[in-house]
Amino acid sequence: MFDRRPKIAPSILSADFAAFGAECEAVEAQGADWVHVDVMDGHFVPNITFGPQTVKAIRPHIETVMDVHLMIAPVDPYIAAFAEAGADVLTAHAEAGPHLDRTLQAIRAAGCKAGVALNPATPAEAIAYVMDRIDLVCVMTVNPGFGGQSFIDACVPKVARLREMIGDRPIHIEIDGGVTPQTAPRLTAAGADVLVAGSAVFKGGSVAQPGAYGANIRAIREAATAAARSDAA
Ligand code: DX5
Ligand code: ZN
């Protein structure tokens with residue numbers, strides 16, 4: 001089940017907010033491997049998206065993996081609600097609270113795969129003592145809060161460091177922010193396997209004209225796969 005082949009996870013932050021269900025179905029039909037769902041609270045990050053009720057409404061429209069990225073603080077009081085909403089992967093930020101180990105235990109106890117997201121300034125070592133509690137580490141390559149920002153190059157060595165730390169453990173390395181066919185090769189070469197992309201997937205397309213989504217996903221996948229490490233089987 002676990003594999004390190006490059007996977008593309010469109011972020012619905014760049015979708016039509018009045019048509020999430022149809023947008024999720026459209027990107028999956030066009031080749032998305034996972035669907036990335038960004039929850040923002042206007043407190044941990046300077047933007048607000050939606051909460052567990054919206055995530056629950058989206059759930060039946062996703063057949064692959066619903067990857068829920070919580071950019072909220074505090075996190076713990078909301079874990080049960082997002083798990084009940086149907087998240088497959090539930091990712092919390094390392095910076096969102098003082099008790100990351102407890103948060104990760106709560107996510108797994110609620111029946112979800114557990115992820116940790118690291119802001120650009122947070123070192124790889126933030127996961128050193130929670131490796132047995134996580135299924136995914138999300139390397140933020142922009143400061144969270146908005147789609148369409150410029151990729152922060154300084155985060156690429158962090159990906160390589162995490163890949164080294166993870167070794168054979170079944171932990172996905174996800175990248176979030178500024179992923180394009182241009183930035184993807186450096187990321188998979190460094191060991192990333194899940195590439196979140198918002199603007200680079202949704203640009204030029206719509207539910208009515210989803211072909212652009214497919215072309216955009218293929219362009220990222222081809223660039224990512226050509227550069228992937230030889231152990232990305
Ligand atoms: C940013 C979000 C991302 C966002 C990425 O805070 O977590 O998932 O949608 O958008 P792009 O791919 O446009 O940088
Ligand atoms: Zn995200």
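Atoms considered below: every heavy atom in the structure, side chains included; atoms not considered: hydrogens, waters and symmetry mates. Counting starts at 1 for both ligands and their atoms, following the listed order.
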Element-labelled atoms of ligand 1 that are located less than 4.0 Å from some non-hydrogen atom of [X]:
X    : result
G147 : 10 (O), 13 (O)
P144 : 6 (O)
H69  : 7 (O)
D176 : 2 (C), 3 (C), 4 (C), 5 (C), 7 (O), 8 (O)
A197 : 12 (O)
M71  : 6 (O), 7 (O)
M40  : 6 (O)
H36  : 8 (O)

Original post:
Which of these passes salt bridge (charged side-chain N to carboxylate O under 4.0 Å, His left out) with D231: R4, R163, R5?
Top reply: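 Only one option passes, and that is R163.
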
Is the shortest heavy-atom distance from the side chain of [X] to the side chain of [Y] under 4.5 Å?
X    : Y    : value
V39  : F50  : yes
T188 : L195 : yes
D193 : P6   : no
I12  : I58  : yes

Which atom of [X] lies closest to which atom of [Y], heavy atoms considered:
X    : Y    : answer
T91  : A117 : CG2-N, 3.6 Å
T103 : D76  : OG1-OD1, 2.6 Å
I173 : G191 : CD1-O, 3.7 Å

Original post:
Are M71 and I127 connected in a single hydrophobic cluster, I mean Ile/Leu/Val/Met/Phe/Trp/Tyr linked by side-chain heavy atoms less than 4.5 Å apart?
Top reply: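 Yes, it is one cluster - the side chains of I127 and M71 are joined through contacts under 4.5 Å.
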
**OP:** Verify the distance criterion only: is there a donor paired with an acceptor across the side chains of D38 and S11 at less than 3.5 Å?
**Re:**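 Yes, because at least one side-chain N or O of D38 sits under 3.5 Å from a partner of the opposite role on S11.
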
**OP:** Would you tell me whether E174 and H172 have side-chain atoms, one donor and one acceptor, within less than 3.5 Å of each other?
**Re:**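 No, no side-chain donor-acceptor contact under 3.5 Å.
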
Original post:
Do ligand 1 and G178 have nitrogen or oxygen atoms that lie under 3.5 Å from each other?
Top reply: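 The answer is yes, given that G178 and ligand 1 share an N or O pair closer than 3.5 Å.
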
Original post:
Any nitrogen or oxygen of S14, main chain or side chain, under 3.5 Å from a nitrogen or oxygen of ligand 1?
Top reply: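 N/O-N/O distance below 3.5 Å does not exist for this pair.
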
Which protein non-hydrogen atom lies closest to [atom], naming both residue and atom, and how far is it?
atom                    : result
atom 1 (C) of ligand 1  : F146 O, 3.6 Å
atom 9 (O) of ligand 1  : S11 OG, 2.7 Å
atom 12 (O) of ligand 1 : G198 N, 2.7 Å
atom 6 (O) of ligand 1  : G145 N, 2.8 Å

Subject >> F151 to ligand 1, any heavy atom closer than 4.0 Å >> reply: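 Outside the 4.0 Å threshold, so no.
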
Original post:
Does ligand 1 have an atom that lies less than 4.0 angstrom from a heavy atom of G148?
Top reply: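 Right, G148 reaches ligand 1.
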
**OP:** Report the part of S199 (side chain from C-beta onward, or backbone N, CA, C, O) that has a heavy atom under 4.0 Å from ligand 1; answer both or neither where that applies.
**Re:**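 Both of them.
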
Original post:
What angle sits at the Zn ion (ligand 2) between OD1 of D38 and ND1 of H69, to 10°?
Top reply: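 That angle works out to 90° after rounding to 10°.
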
Subject >> For the Zn ion (ligand 2): the N/O/S atom of D176 at shortest distance >> reply: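 The Zn ion (ligand 2) is closest to the D176 atom OD2, counting only N, O or S.
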
**OP:** Identify which one of E23, Q30, R218 satisfies the side chain to side chain donor-acceptor pair (under 3.5 Å) criterion when paired with Y213.
**Re:**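 Passing option: E23.
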
Original post:
Looking at the Zn ion (ligand 2), is one of the N, O or S atoms of H36 less than 2.8 Å from it?
Top reply: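 A backbone or side-chain N, O or S atom of H36 is under 2.8 Å from the Zn ion (ligand 2).
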
